[in-house]
Amino acid sequence: MGQIHRKKRNHHARRDVSRAARTRARKLDYDQRHENATDEAKRQSLEAPTELDPEKAGLGMFYCVECDRHFPNMNDRNAHVASKQHKRIAKKVLTEKPYTHEEALRGAGIGVDHRQRNSDKIETEL
């Protein structure tokens, strides 16, 4: 009797990577969202825009600053604000301070070198 062969499942990793790299639905970075949420003038201008934008959902009127999302109407925005996902993101954005550029460079090992690596060799040689 013959064996039953199932279809080979191909892995589409390359396609998924290119989908993830799209900038179509790109959100603001964490430090930008933190700045928008904590600066009162920016927050006011984003929540109550003076001009309508036809390219954004709800003409840009219904915006969540912490999540960087536009909503088509006030009911959808209110449902989002009451959700657990929004509360989690808002707590993180408002309480945690984003890393600065200098901190990121130090974390990568790039920064001021005070020759600390060579000090151990000098002491052992003496």
Side-chain angles (χ1 to χ4, degrees):
M1 303 232 353
Q3 294 179 347
I4 300 173
H5 295 285
R6 69 171 195 242
K7 182 182 174 199
K8 189 176 184 181
R9 292 187 175 101
N10 296 326
H11 185 54
H12 301 289
R14 189 168 184 204
R15 180 192 66 195
D16 294 339
V17 168
S18 62
R19 279 185 183 171
R22 278 191 223 162
T23 58
R24 176 181 55 149
R26 182 164 166 78
K27 295 183 183 248
L28 293 176
D29 291 330
Y30 179 73
D31 57 339
Q32 294 170 320
R33 289 189 293 160
H34 177 78
E35 185 179 342
N36 289 345
T38 54
D39 187 13
E40 204 56 42
K42 283 187 179 182
R43 186 180 187 99
Q44 274 304 94
S45 66
L46 290 170
E47 287 180 342
T50 55
E51 296 180 10
L52 300 179
D53 189 358
E55 295 182 6
K56 295 178 181 170
L59 300 176
M61 294 293 296
F62 312 106
Y63 180 67
C64 176
V65 176
E66 291 89 1
C67 302
D68 185 39
R69 287 184 63 186
H70 291 275
F71 296 95
N73 56 37
M74 186 59 107
N75 291 338
D76 290 342
R77 184 185 182 282
N78 291 340
H80 165 75
V81 170
S83 70
K84 187 182 279 189
Q85 179 187 14
H86 168 78
K87 290 176 184 176
R88 215 179 286 139
I89 292 171
K91 181 179 179 183
K92 182 179 177 186
V93 167
L94 293 173
T95 58
E96 293 181 12
K97 190 177 170 190
Y99 289 113
T100 63
H101 186 67
E102 291 78 23
E103 288 174 324
L105 290 176
R106 277 188 270 144
I110 302 170
V112 179
D113 186 15
H114 294 293
R115 299 195 180 272
Q116 294 173 351
R117 293 169 294 180
N118 296 335
S119 62
D120 295 336
K121 292 179 185 177
I122 293 171
E123 290 175 9
T124 56
E125 291 175 2
L126 295 177

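The first residue in the sequence is number 1, and the count goes up from there. Below, all heavy atoms of this structure are taken into account, side chains as well, without hydrogens, waters or symmetry copies.
- The shortest heavy-atom contact between Tyr63 and His70 is CD1-CE1, 3.2 Å.
- The minimum heavy-atom distance between Ala37 and Arg43, with the atom names listed, is O-NH1, 3.2 Å.
- Closest non-hydrogen pair, Asp76 versus Asn73, comes out as N-OD1, 2.8 Å.
- Looking only at side-chain heavy atoms (C-beta outward), Gln85 and Ile89 come within less than 4.5 Å of each other.
- For the side chain to side chain contact (heavy atoms under 4.5 Å, CB included) test with His86, the passing option among Arg77, His80, Arg69 is His80; the others fail.
- Closest approach of Asp68 and Leu28 over heavy atoms only: OD2-N, 2.8 Å.
- Nearest heavy-atom pair across Lys42 and Asn36 is CD-OD1, 3.6 Å.
- Taking a cutoff of 4.0 Å between a charged side-chain nitrogen and a carboxylate oxygen, Lys87 and Glu66 do not qualify as a salt bridge.
- Closest approach of Leu52 to Met61, counting heavy atoms only: CD2-SD, 3.3 Å.
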